[in-house]
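These values consider heavy atoms only, across backbone and side chains, with no hydrogens, waters or symmetry-generated copies. Remember, it's 1-based here, ligands and their atoms both numbered in the order they're listed. Please read all numbers here as calculations on a predicted model, not as lab measurements.
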Amino acid sequence: MKILSVNAGSSSLKFQMYEMPEEKVLISGLFERIGIDGSYTIKLNGEKIKKDVELKDHKAAVTILIEELINYGIVKSLDEISGVGHRVVHGGDKYTLSVLITEEVVKVLEELTPLAPLHNPANVLVINVFKELIKDAKQVAIFDTAFHQTMEEDTYLYPVPYEWYEKYSVRKYGFHGTSHRYVAERCAEILGKEDAKIITCHIGNGGSISAIKNGKCIDTSMGLSPNAGLMMGSRSGDIDASMILFMHQNAKMSIEEIDNALNKKSGLLGISGISSDSRDIEDGIKEGNERCILAQKMYIKKIINYIAQYYVELEGADAIVFTAGIGENSIDTRRDILAGLKVLGIEMDEEANNNRGKEMLITKSTSKIPCYVIPTDEEVMIARDTYNLAK
Ligand code: AMP
């Protein structure tokens with residue numbers, strides 16, 4: 001069965017086509033700068049093909065995507081595509097699992113727009129284009145928030161007036177759910193323990209940490225929005241909320257300017273003053289740049305604090321997992337985090353940690369908690385859920 005996995009942003013569209021249930025990738029690619037000028041890259045048989053072409057809107061991108069699937073002989077006709085799985089950022093508290101997309105689901109996604117003003121409208125737009133162009137395929141929504149819906153009320157509520165929750169749905173939702181679910185399932189498989197207590201660290205440009213018990217999320221560091229919890233590439237993560245009023249009154253910044261600064265000019269970028277990319281921060285540290293050294297110190301401290309909190313919340317941990325761009329690739333970041341967790345009896349295996357981008361155990365056999373790197377694969381999760389609902 002051929003399944004297409006789609007991850008649409010406001011100006012990009014990533015896709016991967018699978019033969020399921022074998023999980024064989026047939027073709028993948030990325031459309032970028034949609035609505036600006038446009039280009040796309042296709043990966044096929046280990047080859048990368050890049051083309052510049054005008055991409056007026058998402059419909060233009062999907063039309064080309066379909067043409068290329070036929071050009072490259074991936075499908076002979078569109079009715080061979082049984083399902084299209086869409087990564088949807090916000091499912092509110094309506095969706096705890098992936099669902100088949102109906103008119104009703106699209107309506108709910110539109111209603112959830114205030115919670116994800118940039119992402120949900122792009123998702124709805126792309127869902128509608130696929131519905132129009134590949135009529136017979138089952139469309140499935142895979143939500144970033146769904147995995148975290150198992151959190152208890154005393155965890156997901158903020159200590160603010162209760163009506164904010166009742167009237168405006170203000171609560172902790174959490175994001176990166178598909179990634180946390182993927183690495184937690186894989187880790188439980190490695191451990192051979194379904195009811196394992198696992199702390200998953202998805203640290204990339206965005207970052208979140210989850211506490212998982214028996215395959216269910218107990219707590220996660222992102223909140224109402226993705227700008228909560230950890231310090232990130234350009235996001236502040238947790239701050240004292242009164243800073244917003246303070247900066248509004250004293251720096252005469254508008255609420256929108258402050259929000260923009262907290263999302264786009266903070267985190268590693270804000271403190272280092274040079275970059276949101278951890279590779280640049282690492283280079284800066286090597287050159288003795290004090291602000292890069294400080295940024296990395298703060299970044300590591302936040303991660304250690306969350307791991308320690310979740311260790312207590314879970315009453316122990318069977319494993320800690322690192323994933324996403326930094327978690328999979330930054331040897332220095334993992335080393336510094338594990339050094340800060342020595343008090344938990346964690347003993348890093350220096351030689352193992354000196355690798356990147358592959359599944360590996362990075363602690364010694366004597367370590368009280370084994371720590372793993374597990375490369376995330378949100379696309380295959382989207383394909384699995386779509387296959388299960390479409391078949
Ligand atoms: P993601 O958002 O998951 O794509 O992750 C992006 C982040 O991963 C960026 O901050 C990159 O600097 C970081 N990253 C990717 N490769 C490396 C590497 N080799 N060493 C350190 N950081 C890396």
Any luck finding a side-chain donor-acceptor pair between [X] and [Y] under 3.5 Å?
{"X": "N71", "Y": "E68", "answer": "yes"}
{"X": "D238", "Y": "Y306", "answer": "yes"}
{"X": "S210", "Y": "T220", "answer": "yes"}

task: With R186 as the cation and Y182 as the aromatic partner, state whether NZ or CZ is under 6.0 Å from the six-membered ring centre and within 45° of the axis.
output: no

Residue [X] vicinity, atoms of ligand 1 by number, heavy atom under 4.0 Å:
{"X": "G325", "answer": "1 (P), 3 (O), 5 (O), 8 (O), 13 (C), 14 (N), 15 (C), 23 (C)"}
{"X": "N205", "answer": "1 (P), 2 (O), 5 (O), 6 (C), 7 (C)"}
{"X": "E282", "answer": "21 (C)"}

query: Which part of E328 is near ligand 1, with near meaning a heavy atom under 4.0 Å away: side chain, backbone, both or neither?
result: neither

Nearest-contact summary for [atom] - protein heavy atom, Å:
{"atom": "atom 22 (N) of ligand 1", "answer": "S278 OG, 2.8 Å"}
{"atom": "atom 12 (O) of ligand 1", "answer": "D277 OD1, 2.3 Å"}
{"atom": "atom 18 (C) of ligand 1", "answer": "N329 CB, 3.4 Å"}

field: Protein heavy atom under 4.0 Å of atom 10 (O) of ligand 1
entry: yes

- prompt: When the ring centroid of H148 is compared with that of H180, is the distance short of 6.0 Å?
  reply: yes

message: Quick check: A324 and ligand 1, any N/O pair under 3.5 Å apart?
response: no

- prompt: Should side-chain heavy atoms under 4.5 Å link Ile, Leu, Val, Met, Phe, Trp and Tyr, which residues sit in the same cluster as L389?
  reply: L100, V140, I142, I382

query: Salt bridge or not for R87 and E379, using N-O below 4.0 Å?
result: no

